[in-house]
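Some notes on the structure that comes next.
Residue numbers start from 1 in every chain, and the chains themselves are labelled A, B, ... in the order their sequence lines are given, proteins ahead of strands.
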Amino acid sequence: MQLLTRRAVTAAAAAALLLTAAACSNDSSADPDPDSPVQIRFAWWGSGERNELTQGVIDLFEEANPDVVVSGEPSEFGAHWERLTVQGASGGAPCVPQQQSRYVADYATRNQLVDLGPLIEDGSIDVSGIPELLLGAGELDGTQYMIPYGSFYYTGFYNRTLLEEYGLPEPTADWDWAEWEQWLYAARDAIPADMYVTDLAAAQDLTGLFQNWVVSNGDAIYGDGELGFSEATLVEWYDLWLRFIEDGISTTPQMLGERGLTIEENPLALGQTIWWPAPDNQLSQFNAASAGAGAGEIWMDKLPNGPDGAGEVLGASGLSISTSCDGDAEIAAAARFIDFWINDAEAAALFASNNGTVTTTEFQEAQLQNSEESPYVYRQIELARQVIDEFDPTAEVTPVGGRLPSDAFVRFAQAVWLGEQTPEAAAAAFFAEANASLAAG
Amino acid sequence: MTEVRTDRTLSREGQAPSRPGAPAGEVRGPKWTKMAKRDALAAYGFLGPWILGLLAITAFPILASLYLSFTNYSAGGTPDWIGLGNYQRMLEDPRFWKSLQVTATYVLVSVPVLLGFALLLAVALNTGLRLMPLYRSAYYLPSLLGGSVALAVLWRRLFAQEGLVNDVLGWIGVVGPAWLSDPALALIPLMVLNVTTFGAPMVIFLAALRQVPQELYDAAAVDGAGAPRKFWSITLPQISPVVLFNAVITLIGAFQAFTSAYIVSGGTGGPVDSTLFYTLYLYQTGFNYFDFGYASALAWVLLVIIAAVTASTFIGSRRFVFYGGDSR
């Protein structure tokens, strides 16, 4: 009896060990059943409405492709990238990660994304409906790593209701930086004393308003392995905004530190400011937020032009295939999913440019024709087409090592606003740090 | 390896004078050995999952990060061996020094205040208040929430320019500053947040206070000692081992603080790096900038710092800590 018990104990212990070993082992060695559906993982960023729409597109795809099962992995924007970084390093990234022109180089140069060229060539992914210009937002050194499905660029958002109330003219697509400045001062004089024209955070985005200002004045944000503008340009920018703070155009540095980062907490959406530079695809969200706060209607137009043109730089969100996606069947299924996403009319109508203006020209038309489309989506597509047709934008991918400059830009700008550093010292320190990161890649 | 383990188990088993279930007077023989072997096997079988976990999830990553700290590794391709390059880079990295300075300030200020506060409350609660369990639970609550995202979000609101803290200051005629925007002040709300997690050390202090023999106080009272004298000469020496324990645990926790700064500053350590905790810088380096080699080196330096501070706390404590039976 004693022995039997011992035997049982030993057997149980062995079973525990085996179970653990089995749980830890990778079961990919098992022969796949040829009739069982191929499983792929798809990770995207978003919340609420976007998650529902994305799941809707997945459902449509699975209906049309019963041999593929797509398991969705949504997360919030910041968490999406952190997760991809870790998963990519360990070879466990989802088969189809949502990517963006601001980030794609960081992953592509670390061998985490598949070259999509061969899949385009053999017809697995049909990109003929997407203009060449927009494809550039997913291309790095001639290799297509991402298929852009939604484009964006920076525009000027304004509170239309308040402008009317204070008798101010609406911005136009053909205004220049001098007119913009005059307008800011005129607005300051027209609005109540406890309001500000704009928010100091507008000045801290390396690839936002500053990018338009730099590019329309003939420079670029990024050169070859270094920044594409001069320290003097940056000092000029700092001086401009120090003046705006002093003159009561912009919110104060103290207010900046307490400002929440979500759209719902944006001073424009709360009716505390009247102008704010934002990506065009946020117009619907801003209006939802401002309606919630009873702050009036938000509308948008192009940012000002400079001596060197409009300075519009298009970015895009899109889909990639990760190198962790092993097996021809998985890669083929991933390619079919991407092809469906960019070419299926029903899917495009459902998603309705939720994450950037749909890049497939035909679907832009369809959404403009749809009388039930929201006025904000309509405005987004209408203005994007105007910018592309009339203002000669470029589309580019942020170079590898570009994430540190973006963060450092915020840090040194704050040091200037708070008087911790002179504009000259901050510009020099920013250049040293940013160029080191860009050179290291 | 297995052989050695079995031998050791056997010899230990062999020395055991009697074992439950074994017939009295039984001589050690082959059957014994077999059973002992089976016992050992069962033990390691049950331990197996845990040992595998320890090796795969803890030991391997620790050793891997040590290796990576000597390489240039950016989460793609193979790590390039660069020797002490990452460690040399720290010497010239202003953000490394800044993060050390921020963390040191945080530790040096918030840990003593936290411990003092916890001890003060424990002494107050030890005086036989009514509803003591209620107070104890109420004071412990922030410890459960201290490192949480929700509390950090609440903190952002409390210390806003028009938040509750400045409202209260306003009642006494003080114009509250911009706690979160001013680099000179931004660390203070985070220190206060840390101090609110006094619950766990307080409960431990309270348990220790209850162990102090009453006769010592009685004897002191006979000699005419007042309350302060009793506290300094009896209470503090008697609970000194627990003070040391709480100090070490709180110190290590403070060095590793992360969540509060991450949430309150939106992950930046701002304004202008004034809340750039060491762990936050390490996190940014690895997960935002893909610099995993440098991040690993930063992690090892933090380990060495914590080990050194803990060791010096122990060494320094010899003069102050009274263990029962000491001649002092």
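Distance check: B:Arg95 CZ to A:Glu433 CD gives 6.0 Å after rounding to the nearest 0.5 Å.
Using a 4.5 Å cut-off between heavy atoms, A:Val410 makes no contact with chain B at all. Only the side chain of A:Gln112 comes within contact range of chain B, with at least one heavy atom under 4.5 Å from a heavy atom of that chain. In this structure, chain A has heavy atoms under 4.5 Å from both the backbone and the side chain of B:Asn288. For chain A, the nearby parts of B:Ser74 are the backbone and the side chain; heavy atoms of each come within less than 4.5 Å. Residue A:Phe412 does not touch chain B at all, counting heavy-atom pairs closer than 4.5 Å.
Of all the heavy atoms in B:Phe287 and A:Arg403, the pair that sits closest is O-NH2, 4.0 Å. The two residues A:Arg411 and B:Asp273 come nearest to each other via the heavy atoms CD-OD1, 3.0 Å. Across every non-hydrogen atom of B:Pro271 and A:Gln414, the tightest pair is CA-OE1, 3.5 Å. In plain terms, the two heavy atoms of A:Glu420 and B:Pro183 that are nearest each other are OE2-CG, 3.6 Å.
Counting heavy atoms from C-beta on, the side chains of A:Thr85 and B:Phe292 come closer than 4.5 Å. A:Leu418 places none of its side-chain heavy atoms less than 4.5 Å from the side chain of B:Asp182.
B:Tyr289 and A:Asp407 share a side-chain donor-acceptor pair at under 3.5 Å.
Applying the 6.0 Å contact sphere to CZ of B:Phe60 captures no more than 12 heavy atoms from other residues, nucleotides or ligands.
Note that A:Arg110 lies in the cation-pi zone of B:Phe290, set by a 6.0 Å cut-off to the ring centre and a 45° limit from the axis.
Of the residues considered (B:Ala178, B:Ser181, B:Pro177), B:Ser181 shows the highest number of contacts with chain A, using heavy-atom pairs under 4.5 Å.
Among residues 263-272 of chain A, the residues having any heavy atom closer than 4.5 Å to a heavy atom of chain B are, in sequence order, A:Glu265.
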